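Reviewing the structure listed below.
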Amino acid sequence: LCPPHGFPLGSGPDSGQWKTGRVLAALDIIYMEHTLLLLLLITGLAAADDVILKPLKQGAEEVALIMVQGLLIQPDQYIPLAQSVQNASNYSLWVGIPQFDGDMVVPVDPSEGIARILGSMRDGGMSTATTVFFAGHSVGGAALQDYVNSEAKDAPGLILLGSFLRRWYRNETYPVPTMTIGGELDGLARVTRIM
């Protein structure tokens, strides 16, 4: 067995060789972290920021849509979809898409990201009385349905995009009206899982 950089065990933690070895090992870790960050930036896999879209137009009422991303999809990739929904809506529609580490809803509890994005939207001018709908894509929909079931049962609606209510909700009444939108023939889920 050898400590970092191959110094023999007999050199002990008080020796200069051992201390130098520990410093070099720490520098190696810092170098690897910076290399990984640079690689992520170059490949476009680095963490994105939260996305907040203020209403594009004045509507009948102010409402908000919180979207939770699918696995490895950056929040800004949902901007065209969100803007299309804003344009088609009769409401003043806020959209918030929280960023999760590594573009994953991990841990599977999105509550911290949702609280953060709602706070940012309110700081940006959204009323605290705004009605909030939820939408989740893929694994984000799986995580979001549990959040809504436990934390937001008074939500007016949940939209599952390429996702579906889990089996344990089949024999009970899910507390929030839910719409499922998906490509049944995409090979990712059987139709029997959705119905």
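Computed from a predicted structure; not experimentally measured. These values consider heavy atoms only, across backbone and side chains, with no hydrogens, waters or symmetry-generated copies.
Smallest separation of non-hydrogen atoms from Pro156 and Thr131: CG-CG2, 3.3 Å. In plain terms, the two heavy atoms of Arg116 and Pro98 that are nearest each other are NH2-CB, 3.9 Å. Closest heavy-atom contact between Asp49 and Gln99: C-CB, 3.8 Å.
Going from atom CD1 of Ile97 over to atom CD1 of Ile79 covers 6.5 Å, rounded to the nearest 0.5 Å. Once rounded to the nearest 0.5 Å, the distance linking CG of Leu56 with CD of Gln86 reads 4.0 Å. Atoms CG and CG, from Leu93 and Asn90 in turn, are 11.0 Å apart once rounded to the nearest 0.5 Å. The distance from atom OG of Ser120 to atom CD1 of Ile52, rounded to the nearest 0.5 Å, is 4.5 Å.
Other residues, nucleotides and ligands place more than 12 heavy atoms under 6.0 Å from the CD atom of Glu61. More than 12 heavy atoms of other shown residues, nucleotides or ligands fall within 6.0 angstrom of atom CD in Gln83. More than 12 non-hydrogen atoms from other residues, nucleotides or ligands lie less than 6.0 angstrom from OH of Tyr174.
Screening Val176, Leu65, Ile114, Val68 against Phe134 for a side-chain contact (heavy atoms from CB on, under 4.5 Å) leaves a single residue, Ile114.
A 4.5 Å side-chain heavy-atom check between Leu144 and Met67 finds every atom pair outside the cut-off.
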Worked verdict on Ser127 versus Glu62 for side chain to side chain donor-acceptor pair (under 3.5 Å): CA-CA 8 Å; Ser127 167; Glu62 184 177 83; 4.6 Å; no
